[in-house]
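Reckoned from all heavy atoms, side chains included, excluding hydrogens, waters and symmetry mates. Count residues from 1 along the sequence. If you're wondering where the values come from, they're calculated on a predicted model, not measured in any experiment.
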Amino acid sequence: MSSATVAKAPAEQPAPGRRRVSLPVLLLIIAGVLVLTSVVRMITGADGITSTGQMSTALKLAVPIGLAGLGGLWAERAGVVNIGLEGMLILGTWFGAWAGFQWGPWVGVLFGIVGGALGGLLHAIVTITFNVNHIVSGVALNILALGATRYLATFAFEGEEGGTSKQSPPVESLGNFSVPGLSDWLQDLNDKHWFLVSDLAGLIGGLITDLSPLTVVAVAMVPLSWWILWRTSFGLRLRSCGENPIAAESLGVNVYKYKYLAVVISGGLAGLGGAFLSLVASNIYLEGQTGGRGYIGLAAMIFGNWMPGGLALGAGLFGYTDSLKLRGGGTNVHALLLLIAILLVIGAVYLVWRKKYVPAVITAAVSALMFLWYGLTDEVPNQVVTATPYVVTLLVLSLSAQRLRMPKADGMPYRKGQGK
């Protein structure tokens with residue numbers, strides 16, 4: 001099939017009643033949220049919510065979530081639901097640490113990718129060749145990965161110096177770097193706590209300070225995936241398998257081949273996220289280290305409407321809320337209550353403008369409760385801080401669920417020869 005033939009397929013259209021958010025509007029929304037955040041910081045005195053350290057930690061925590069979400073994007077754009085991302089992430093952590101402490105961290109990275117890709121290959125065989133339900137296969141893979149790594153850790157790590165049946169010996173660091181001159185200048189600017197300027201300095205400084213080389217590689221995967229999937233004939237064929245595999249086959253696309261490639265790449269990306277956890281985030285493998293990040297990555301993919309840019313925004317949001325546990329959690333989350341309350345007021349006004357009065361009243365009531373919570377307390381309990389990333393995941397999914405457009409044949413059964 002020629003790429004020209006496929007290119008005649010109708011472009012994706014917004015669902016009825018749905019407005020596509022253009023890039024300028026999206027940038028305006030982000031700028032508005034940043035200004036509001038700066039206002040909240042000035043009112044509450046919680047300077048940590050936009051500090052360089054907070055942003056740097058958020059980026060570090062967003063990377064495995066983003067890579068898992070990117071893995072989900074590749075699989076689901078080819079029509080295969082990948083609930084097994086958590087299992088592939090677990091395989092990446094174990095293989096990364098196992099190879100890393102024996103042959104060095106970069107070999108660990110490669111083995112982490114291979115470990116995740118093996119999980120992807122298994123998922124592909126079960127779902128594509130044997131046509132097993134994708135959800136069942138994904139759940140089974142998560143359980144299998146957890147059990148297999150627990151079993152293998154006993155033989156590989158127990159008896160080694162610093163290793164036990166639940167953790168690996170320490171792995172050599174990949175190293176960190178900052179942009180010379182610019183990082184220090186932005187840090188100084190951030191420390192002055194000026195309105196908006198210091199917040200921007202903290203945001204940009206967090207992206208270029210104390211970086212691992214693997215972080216740079218992971219961030220580069222986002223535009224690279226977009227370019228491959230939306231700007232090459234390979235990506236066009238792959239996405240056609242997720243939209244209408246029967247029509248794609250009738251035009252000469254080898255649907256099985258593209259689905260297999262997509263799911264194996266999906267596993268490799270999730271495995272890279274797992275390797276990041278065991279080689280960069282903590283330089284050690286720990287049982288239960290992934291902490292459900294595979295599922296949060298799946299949520300980030302859905303939040304991003306199956307697009308790389310939206311996915312990256314979702315991963316950043318979840319990474320930021322996750323980082324609150326590590327840096328000034330109670331105080332910072334308390335300040336964010338005020339930000340959420342203000343955003344809800346804006347949302348209520350917007351709903352009134354759209355003449356949706358019942359949702360507007362509910363939103364205003366929730367906003368009032370948030371104001372009350374903020375006004376009557378000085379700090380939120382640690383339990384709330386710990387649960388914040390998961391609560392945000394649920395809220396984001398519930399609020400964005402009505403404005404999503406998934407690939408039309410995502411999760412649909414397909415047998416070779418249906419398009420001939």
query = Looking only at atom types and distance, does a side-chain atom of Ser178 sit under 3.5 Å from a main-chain N or O of Pro180, one as donor and one as acceptor?
reply = no
request  = Without swapping roles, check the side chain of Gln102 against the backbone of Val107 for a donor-acceptor pair under 3.5 Å.
outcome  =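 Here the side-chain-to-backbone pair does not exist.
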Between [X] and [Y], what is the ring plane arrangement, given parallel below 30°, perpendicular above 60°, and tilted in between?
X: Trp74; Y: Phe234; result: tilted
X: Phe157; Y: Phe101; result: perpendicular
X: Trp353; Y: Tyr350; result: tilted

With a 6.0 Å cut-off (strictly less than), is the heavy-atom count around [atom1] of [X], excluding the residue itself, greater than 12?
X: Tyr151; atom1: OH; result: no
X: Trp103; atom1: CH2; result: yes
X: Trp106; atom1: CH2; result: yes

ask   = Going by atom types only, do Ser38 and Asp199 share a side-chain donor-acceptor pair under 3.5 Å?
value = yes
message = I'd like to know whether Thr129 forms a side chain to side chain donor-acceptor pair (under 3.5 Å) with Tyr260, so could you lay out the CA-CA distance, the side-chain angles of the two residues, the decisive distance to 0.1 Å, and finally the verdict.
response = CA-CA 9 Å; Thr129 302; Tyr260 260 90; 2.4 Å; yes
inquiry  = On a heavy-atom basis, which atom in Tyr320 and which in Ile49 lie closest, and how many Å separate them?
reply    = OH-O, 2.6 Å
query = Glu379 and His334: which non-hydrogen atoms are nearest, and at how many Å?
reply =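 So the two residues come closest at N-CD2, 3.8 Å.
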query = Under 4.5 Å between any side-chain heavy atoms of His123 and Ser137, yes or no?
reply = yes
query = Is there a side-chain contact between Tyr285 and Val171, using heavy atoms and a 4.5 Å cut-off?
reply = no
key: Pairwise distance CG(Leu317) to CD1(Ile65) - rounded to 0.5 angstrom   = 9.5 Å
